[in-house]
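Worksheet: the structure to be examined is printed underneath.
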Amino acid sequence: MGVPEVPASLRSWMSAVSEIVRSVNSAEPLEKVLTRVAVQACELIGFEFCAVMLADERRECLHIAGCSGLTPDYLAQVSDGRSLRIHPPGPDLDTPAARAYREDRTIVVPDVRKAPSYGRLRHLAPTQGYQALLASPLRGSDEGAGVIVAYSVTARQFSGPELELIELLGGQAAMALETARLRAEQQEVIRELSRANDELRRGRAVLEWAEQQHRQLMQLVLDEGGLPELVSALASALGASVTVEDTDGRALASAPAEGYCPPPAPAARRARAVRAALKAQEVAGRGYTVARVPVPEANGRIAAGGPRRDAAAWAAPVVVGGELAGRLWVTAPPADPEPVQLRVIERFALVVALLMLQQRHLLDVQSRLSGDLLGDLLRDGGPVRPRAALDRAAAIGHDLSRPHVLALLAVDAPVPSTVRLPELARAAAEPGPAPLVGPYDGTYVLLLPAEPDPGDALRRVLAKAGQAVGAQGMVTMVAGPVARDPAGYATAFRVARGAAALRRASGRGGFVDVGRLGLSALLLETGTPDALRRFAATVLQDVEAHEERYGGDLLATLRAWLSAGCSTAAAADALVVHRNTVTYRLGRIEQLTGRTLRDSSVRLELQLALTIREIVQLWAPG
């Protein structure tokens, strides 16, 4: 018994379906699959043109995704955004395709010339040359996917089998869409799994890196590594430049030695964005959070060369005792630090704070030792055991067997709790020798080697102390005599204290170098009234003699002028005389003393002599 022959129409249909299925299964592009559906519709049903149209994401318009036989002019006209609107405002803009989509049923138009309800066909049909069409929705699991439209160049009635075939082909197109969607979802899942796997591997590597840095950090702490070793380790781990600085912006340690990129310069830190980033960090609870600080282009060079427009630095606060003690800067990294790297930076900042706290503790111990030593050196009569005092000084790094200048720092204002004057004095004296410094008798005493001349270092200490106290306070620095042995420090202190008292009494503060004022002979004596008289007489004797012989109120004029801040006009007002009179008297004083009043040291010496003269007159008997 033979196999029954399959009808030609059924073979054609099965062949068409098989071809579409092979196209779908071979993962051909969706446009190619839908074009194949359109071609099969033309061949199976006998249409001249066919199009598969899909709805956009917003379900507002249909667009042709695959077609057979349609001309470029027609495709262009259909793609103008107005032709295939799913919900047109009226029948003049409606189409059978849009209606089939809206109503989810097959729409038959036997003759487009007799279909007034589809206004757009009057413009579209002549462009392509069709007179009849079928529009059927693509039915599948993805409802509202689109429609398939078949066109005939002649007006005609469509049979039931033709309607069934167009609907079956619409189902095949819907199946292709569903398969493409599922395949896309599957590929996305595969990509997500691949990305997740990569993230896991990467995350594992990052965690291993962070753990390695933590172990290295702990080893540095156990090995009692200093700040340079700590900074060098962090710079190597990040492949960046690292700087630790104090609150004054002074670098305490930096790395690497080659290709180092400094943190933002002082001028760059005045930029609004930089100040805002640092201020926000300080306000945020004074924790250890790393802040991204934008760097102006002028400061944005990186270790590899040229400026980078999006340059940035990262700053971690170094907090000691709840107060900002400095910052740890990371500059010129190969890429923006990731969260785990920021946590490593925070850990290093914490250890830097511990090192600075340890250093501060050592400085406190050194200050106490220095204070005890100064108390022994400056007592009346000098140290009880001079040799032991020298040994104690040598133990904390000071060779007092060499001649030293004794200086005295007096601050007439409350000192902020964050300011530690001994530490400030040691830092400001750099790059010269660090002074032996400590509190004594309500002031701070500094001992510095007489060679090289410590004048510049003392002026730097004065400037830093003035900045720390602010404009409301008065700071006085007296560079006293040179002490050449342990017994000389007590005498040098009395000299400096006397000069400081006189200077502070003037209400001006500032820097006084006793060795340049001609006061050594006076201040090295015992300070008796006779010594004070001799000093005043030596400085003012010629002026006093002229007044006794000729009058003229020279001393009163000098006192008024000095008290008025060396203002001739103010002195004239105080004396109720003409300005020319004051000018003449001052000129006469310069002639008698042989010194110019333009010299600040001369003015100070005369002021001291006048003050001592007044004190001596009060002490004089009778």
Side-chain angles (χ1 to χ4, degrees), residues 227-320 323-353 355-356 359 418-419 424 427-428 430-431 460 463-464 467-468:
L227 203 54
E229 292 82 359
L230 196 70
V231 168
S232 179
L234 182 58
S236 176
L238 298 176
S241 296
V242 177
T243 308
V244 173
E245 63 181 24
D246 60 17
T247 51
D248 293 327
R250 185 172 62 101
L252 304 179
S254 61
E258 297 183 2
Y260 169 71
C261 179
R269 297 190 198 188
R270 289 192 288 270
R272 179 178 299 178
V274 177
R275 287 189 288 111
L278 296 178
K279 186 65 177 177
Q281 184 185 62
E282 291 181 22
V283 173
R286 296 200 182 278
Y288 296 93
T289 303
V290 180
R292 185 182 188 275
V293 180
V295 178
E297 185 175 351
N299 198 80
R301 71 175 184 84
I302 55 178
R308 188 177 69 187
R309 289 192 177 273
D310 60 343
W314 283 261
V318 178
V319 181
V320 176
E323 297 292 338
L324 185 69
R327 281 192 172 86
L328 185 152
W329 288 92
V330 175
T331 49
D336 288 1
E338 298 189 15
V340 69
Q341 292 174 310
L342 296 178
R343 301 294 84 77
V344 169
I345 295 173
E346 291 170 4
R347 288 182 183 177
F348 271 78
L350 175 60
V351 176
V352 168
L355 288 179
M356 294 182 72
Q359 182 66 20
T418 56
V419 176
L424 179 148
E430 294 180 356
R460 289 197 299 272
K464 285 292 186 182
Q467 292 174 5

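Note that the structure is predicted; figures quoted are calculated from it, not measured. Heads up: numbering here begins at 1 and tracks the sequence.
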Can you check whether Cys261's main-chain N or O pairs, donor with acceptor, with Thr331's side chain at less than 3.5 Å?
yes
Look only at the side chain of Arg460 and the backbone of Ala427, and say whether a donor-acceptor pair between them is shorter than 3.5 Å.
no
Please tell me if the side chains of Pro256 and Ser241 come closer than 4.5 Å, counting only heavy atoms from C-beta onward.
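The answer is yes, as the side chains (C-beta and beyond) meet within the 4.5 Å cut-off.
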Within this structure, what is the CH2-CG distance for the pair Trp314 and Asp336, rounded to the nearest 0.5 Å?
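Here the interatomic distance stands at 4.0 Å.
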For Leu328 versus Val318, what's the shortest heavy-atom pair and its separation?
N-CG2, 3.9 Å
Among Val242, Val231, Val244, Val293, find the one that has a side-chain contact (heavy atoms from CB on, under 4.5 Å) with Trp329.
Val293
